[in-house]
Protein chains: 2
Amino acid sequence: MPHQKLDYAAKIRECGCRLTPQRELILDAVCEGGGHTTVDEIFARVRARSKAVNLATVYRTLDFLCDMGLVVCAEIDGHRVFEIASARPHHHLVCQACGRVERLDHEMFQTLFNQIERQRGFKVEMKHLVLFGLCQDCRNRED
Amino acid sequence: MPHQKLDYAAKIRECGCRLTPQRELILDAVCEGGGHTTVDEIFARVRARSKAVNLATVYRTLDFLCDMGLVVCAEIDGHRVFEIASARPHHHLVCQACGRVERLDHEMFQTLFNQIERQRGFKVEMKHLVLFGLCQDCRNRED
DNA sequence: ATTACTGCAAAGGATTTGCATGTGA
DNA sequence: TCACATGCAAATCCTTTGCAGTAAT
């Protein structure tokens, strides 16, 4: 039920911006990624559908979509990764051994963030964190 | 009482590596930063003392010091930042409005990380997180 | 005396920018 | 129509690398 294309279209036009085929293609490409998607992957996916889209446009559009709040960006190992901003904020656990990515609900973090707010007066605004570590399987394998 | 230069020297030599003037200068420069320091800042600080040190050496040395565990590295807003690895792991709160950086003890995080480990079997290995948000002062100012 | 480390310069990759053209509203 | 968005190519920024020379142990 969430995240219809119409939502995006409306949100974009709301602020006087335009809905171009490029923006739709790039938004789709980020969606298809499921989880984290790099600029390269997005560009490749877009190019598979239309040779005419330029890499600079991908960069500019991703910036734009982040500003609009439709896409979120994180940094993993020095590389930017993108993901559709979901209604339910969440975070990721990335295994340093096998690279697997697990999703983690925001709830637990919110508890911590509230605690920080009470103790320090600092309001944390992180919709998307990436935590590195070792997944269950790799921990077993290491023993 | 911790982190004497001798500690560093010993740790470095322990593994057959060498303690060079460059490495000392760069380590000092990271120390002087107090909190997060960018490559540029480190390079500038080093150059203020010795014109002969090369930027490539700074990069190589920072890599080396991170591998040795003497320095930790984080990513803020697409830029790498470095800090002396302290005995007591901690994190940072960065205000998106004024840029102020506050230190946050690891304790609260450990509770969360333990919870994640129990629930998901995933062992988080983050010694150093950067959380963005709004500090007390800026929140008051915004109202 | 080794061989790790450094300086230098050049290469590399990712991202941004200027400008003329195209196109959605 | 007309400002916003795009394509193209060049520029820029940050970081890494190859290699010959230097210096720590």
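In the text below, chain A, chain B and the rest are named by the order of the sequence lines, each starting its count at 1.
At a threshold of 4.5 Å between non-hydrogen side-chain atoms, the residues B:R100 and A:F122 do not count as touching. Taking 4.5 Å as the limit, some side-chain heavy atom of A:H106 sits within range of a side-chain heavy atom of A:H91.
With B:R139 contributing its side chain and A:G121 its backbone, the two residues share a donor-acceptor pair below 3.5 Å. Judged by distance alone, with hydrogens and angles left aside, the side-chain atoms of A:R80 form no donor-acceptor pair with the main-chain N or O of A:V39 at under 3.5 Å.
Distance, A:M68 CE to D:dC4 P: 14 Å, rounded to whole Å. Between A:K51 atom NZ and D:dC8 atom C1' the separation is 16 Å, expressed in whole Å. In this entry the distance linking NE2 of B:H79 with P of D:dT15 reads 8 Å, nearest Å. A straight line from CD of B:E75 to P of C:dA14 spans 14 Å, rounded to a whole angstrom. If you take CD1 of A:I26 and P of D:dA5, they are 12 Å apart, rounded to a whole angstrom. Rounded to a whole Å, the CZ atom of B:F43 is 14 Å from the P atom of C:dT6.
In this structure, the separation between CZ on A:R120 and CD on A:Q115 is 11.5 Å, given to the nearest 0.5 Å.
Annotation: A:E107, atom CD; neighbour count of heavy atoms from other residues, nucleotides and ligands within 6.0 Å does not exceed 12.
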Polar-atom pairs under 3.5 Å, protein N or O versus N or O of nucleotides 2-5 of chain C: list them with distances, or write none.
{"residue": "C:dT3", "atom": "O2", "partner": "B:R18", "partner atom": "NH1", "Å": "3.2"}
{"residue": "C:dT3", "atom": "O2", "partner": "B:R18", "partner atom": "NH2", "Å": "3.0"}
{"residue": "C:dA4", "atom": "O4'", "partner": "B:R18", "partner atom": "NH1", "Å": "3.4"}
{"residue": "C:dA4", "atom": "O4'", "partner": "B:R18", "partner atom": "NH2", "Å": "3.4"}
{"residue": "C:dA4", "atom": "N3", "partner": "B:R18", "partner atom": "NH1", "Å": "3.1"}
{"residue": "C:dC5", "atom": "OP1", "partner": "B:R18", "partner atom": "N", "Å": "3.0"}
{"residue": "C:dC5", "atom": "OP1", "partner": "B:R23", "partner atom": "NH1", "Å": "2.6"}
{"residue": "C:dC5", "atom": "OP1", "partner": "B:R23", "partner atom": "NH2", "Å": "3.2"}
{"residue": "C:dC5", "atom": "O5'", "partner": "B:R23", "partner atom": "NH2", "Å": "3.3"}

Give every pair of a protein N or O atom and an N or O atom of nucleotides 16-21 of chain D that lie under 3.5 Å apart, one pair per line with the distance.
{"residue": "D:dT16", "atom": "OP1", "partner": "B:R80", "partner atom": "NH2", "Å": "3.3"}
{"residue": "D:dG18", "atom": "O6", "partner": "B:R60", "partner atom": "NH1", "Å": "3.4"}

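Checked options A:L65, A:L62, A:T61; the residue passing with A:L27 is A:L65 (criterion: side chain to side chain contact (heavy atoms under 4.5 Å, CB included)).
Aromatic ring centroids of B:H128 and B:H36 lie under 6.0 Å apart.
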